[in-house]
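Beneath this line is the structure, given in structure tokens, with notes to follow.
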Amino acid sequence: MPGLQAADAVQNGTVEMCHTASYYYFGKDPTFAFGTAVPFGLNSRMQTAWMYFGGGMELMNDLYKKFNIYGIPAGNTGAQMGGWFRKEIKEVADLNGLKMRIGGFAGNVISKLGVVPQQIAGGDIYPALEKGTLDACEWVGPYDDEKLGFQKVAQYYYYPGWWEGGPMLHNFVNLDKWNALPPAYKSLLRTASSMANEWMQAKYDAGNPAALKRLVAAGAQLRPFPQPVMDASLRAALDVYAEVSKTNADFKKVWEAMLAFRNDEYLWWQVAELTYDTYLVRNRSRT
Ligand code: CA
């Protein structure tokens, strides 16, 4: 099946199961975005915690059920990069009119900053950047981006991808087929999916550092998004959440649940996790 039609094939029983990103289907209902990642949502650890123990799987399956789908988490890239820009972004105004390839629901947010979002499949991004029909693109992170060669046609490599703090993939199973499985088979599918969830993140975490070093050696200019750009993006995201929540009760319910979970997670994160990481990042060269 073409990538963006995998869920339809599961929904109508053409295939029994697919591995896909829930947010591809935000056009059916924007609530699908929460299964993968939303701007300023959860990091990958939190996304997994929310799904398994924070009520996320139940909330998302309440939605998927309406589309005859049962969803099981099965993979995560970790926080993604903000992507490749042909020109430096020094202030919010520099985003105005920029044609950028950006996936899914995030386009609704970044368009509020003047960016013209484009949905382009992976293989078509490079030639569009090279020709200048695109000014910027985001894909995944160093390990994947290097393979597509973006560093050759766009010099500035921004971080973080604030729209994908911990994007999760899913196995989507046709709901009737899922219900017909004996308990042991359901358990096997859950276990295999859980292993995929761990395997994928571990592979990215292990592969990204070397890829980042090679990209920088090849001339990529690594840049953090300026703070005013981050702040304007957060405001734009909150506006979009408020707007969509007015007309979509499912979206409102899931957004509020995820937000409460995220804020509690960061309450904990700032105590041990962040202190540990920040200390060692600062002292990396001395230890
Ligand atoms: Ca991405």
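Just follow the structure's listing: the first ligand is 1, and inside any ligand the first atom is 1.
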For this session: Before giving the answer on ring-ring contact (aromatic ring centres under 6.0 Å, His included), spell out for F251 and F34 the whole-Å C-alpha distance, their side-chain angles and the decisive distance to 0.1 Å.
Result: CA-CA 9 Å; F251 184 94; F34 295 105; 4.9 Å; yes
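- Checked against the Ca ion (ligand 1), the N, O or S atom of E164 at the shortest distance is OE1.
- Metal site remark for the Ca ion (ligand 1): T77 contributes no N, O or S atom at a distance under 3.0 Å.
- The side chain to side chain donor-acceptor pair (under 3.5 Å) pairs that include a residue from residues 95-121 are R101-E138, K112-E243, where partners are two or more places apart or lie in different chains.
- Under the 30°/60° scheme for interplanar angles, the aromatic rings of Y266 and W269 are found to stand perpendicular.
- With the Ca ion (ligand 1) as the vertex, atom O of W139 and atom OE1 of E138 span an angle of 90° (nearest 10 degrees).
- Residues F40 and L238 are not in side-chain contact: their nearest non-hydrogen atoms beyond the backbone lie 4.5 Å or more apart.
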